[in-house]
Amino acid sequence: MDAEELRRFRRSLLAWYDRAARDLPWRRTHDPYRIWISEIMLQQTTVVAVIPYFERFLARFPTVQDLAQAEEEQVLRLWEGLGYYSRARNLHRAARVVVEQHAGEFPRGVETLHDLPGVGRYTAGAIASFAFDERAPIVEANTQRLYCRLLGYASDPKSAEGQRTLWQFAEDVLPSKQAGRFNQALMELGATVCTPKSPDCESCPVKAHCRALAAGLQHAIPKPAVRPETTDVTHAAAAIRHDGRWLLRQCGAEERWAGLWDFPRIELAPADAPHSKGALTAARTLRARRAVEQGVARLTGLSIEAGDLLHQLRHTVTRYRIRLLCFHGAIRATDVAPTASEEARIRWVHPDEFSALPLSMTGRKLAEVVQGL
DNA sequence: AAAGCGTGGTC
DNA sequence: TGACCAAGCTT
């Protein structure tokens, strides 16, 4: 676009945003802390899912100081069910950086923001422009799709060349004033008009500037990403009660759901697991029980006996379809002591206290099952 | 630089 | 039911 077309584009977009903008909680403030929280929560997550988490999180941690002083486990507890839990751990770390290295004052400037844990190129630009009105470009899912269509960019937007092209456009298109509002308008257009499946080009305020529409390619652009196929896996867990309390274990740093609590759970070798759609034969059930006994011993240092199957469930996560077999379990001997590191990761929990811990998805589902026992 | 990381909604 | 998608970042 030449300078004149750029001016018309900006004017049309802002005029549309004036009447079409959704009223979202994080659009009612310029507080960088609140904007930061919202941006982290919104990473790969829908607006509808985020809103209740956002309100609850801010009520519990109104300032960056409150967040920095909290225990990580309490931060994770407010994140439970939102997914991508490294976001919560990074958020907590970053709050401590802001308090300790920036005197509790949120840093300005894309580069300083980018240094915070969990803040990448997009999020740094978002905070800088929304909170401080800096002229910082952004590219995320909505704007990536929008820019691709406006430019008629038909190659892979995720490639190095694609990213160079899109970030360059994101910068070129930004006005020198009201950059934050303009970035919001770009995203809003992508989210509500220039949508993935059936873009509403008829009512688009900038359709006159869209190369994809001019070529009739709005459905073919952007080029869809190739997705990895999902793999079937079987996990086995043990539900072990002692004095009315259940044995839970905190997932380790290298595991899925790191930092969250779950019933002791292992992945079964294919030989010990039922075929993905097949029935669980007696022989395989027995092998799964032996495997979960060994697994619990390794994870907790406790000797247990696995009994009948208590519950089965399926859960899909990223690229794995997990089939979970949960067995009743009983402590075999009381004189076995976990090592210190195992000890730190296991807890006997009364059902009334489940809600005080951040639970993994499988932990949450099984907690619900054992509530009724 | 490719792979890992969650969950819920929609079509 | 399953594929697709959502205000990405880290290693």
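All values below come from the heavy atoms of this structure, side chains included, with hydrogens, waters and symmetry mates left out. Naming: A, B, ... by sequence-line order, numbering from 1 per chain.
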Quick test of your reading: applying ring pair (Phe, Tyr, Trp, His ring centres under 6.0 Å), list the pairs with at least one residue in residues 279-299 of chain A, sequence neighbours left out, ordered by first then second residue. none
Going by the side chain to side chain donor-acceptor pair (under 3.5 Å) test, which pairs reach into residues 182-195 of chain A, not counting sequence neighbours? A/R22-A/E188, A/R27-A/Q184, A/R27-A/E188, A/S129-A/N183
With sequence neighbours excluded, give me every side chain to side chain donor-acceptor pair (under 3.5 Å) pair touching residues 149-159 of chain A. A/Y153-A/E161
Could you tell me whether [X] contacts a base, only the sugar-phosphate backbone, or nothing, with contacts defined as non-hydrogen atoms closer than 4.0 Å?
X	result
A/G81	sugar-phosphate
A/L82	base
A/M361	sugar-phosphate

Between A/Y147 and A/F169, is the ring centre distance below 6.0 Å? yes
How far does the P atom of C/dA7 sit from the matching atom of B/dG4, given to the nearest Å? 24 Å
Mind checking what makes salt bridge (Lys or Arg N to Asp or Glu O under 4.0 Å) contact with A/E368, not counting sequence neighbours? none
Applying ring-ring contact (aromatic ring centres under 6.0 Å, His included) to A/F182 and not counting sequence neighbours gives none
Under the ring-ring contact (aromatic ring centres under 6.0 Å, His included) rule, collect the residues that match up with A/F61, sequence neighbours excluded. A/F57
Contact letters for nucleotides 4-11 of chain C, in which S counts primed atoms plus P, OP1 and OP2 and B counts the base, heavy atoms under 4.0 Å: SBBBBSS-
Rest of the hydrophobic cluster containing A/I221 (Ile/Leu/Val/Met/Phe/Trp/Tyr, side-chain heavy atoms under 4.5 Å)? A/L217
Fellow cluster residues of A/I346, listed by chain then number, with links counted only when side-chain atoms sit under 4.5 Å apart: A/I240, A/L247, A/I266, A/L268, A/L280, A/V292, A/V296, A/L299, A/L302, A/I304, A/L309, A/L325, A/F327, A/I331, A/W348
Within residues 248-270 of chain A, the residues having a heavy atom closer than 4.0 Å to DNA chain B are A/R256, A/W257
Under 4.0 Å from any heavy atom of chain A: name the first and the last nucleotide of DNA chain B that qualifies, 5' to 3'. B/dG4 to B/dG8
The criterion is side chain to side chain contact (heavy atoms under 4.5 Å, CB included); which residues satisfy it with A/E72, sequence neighbours excluded? A/L76, A/R89, A/H92
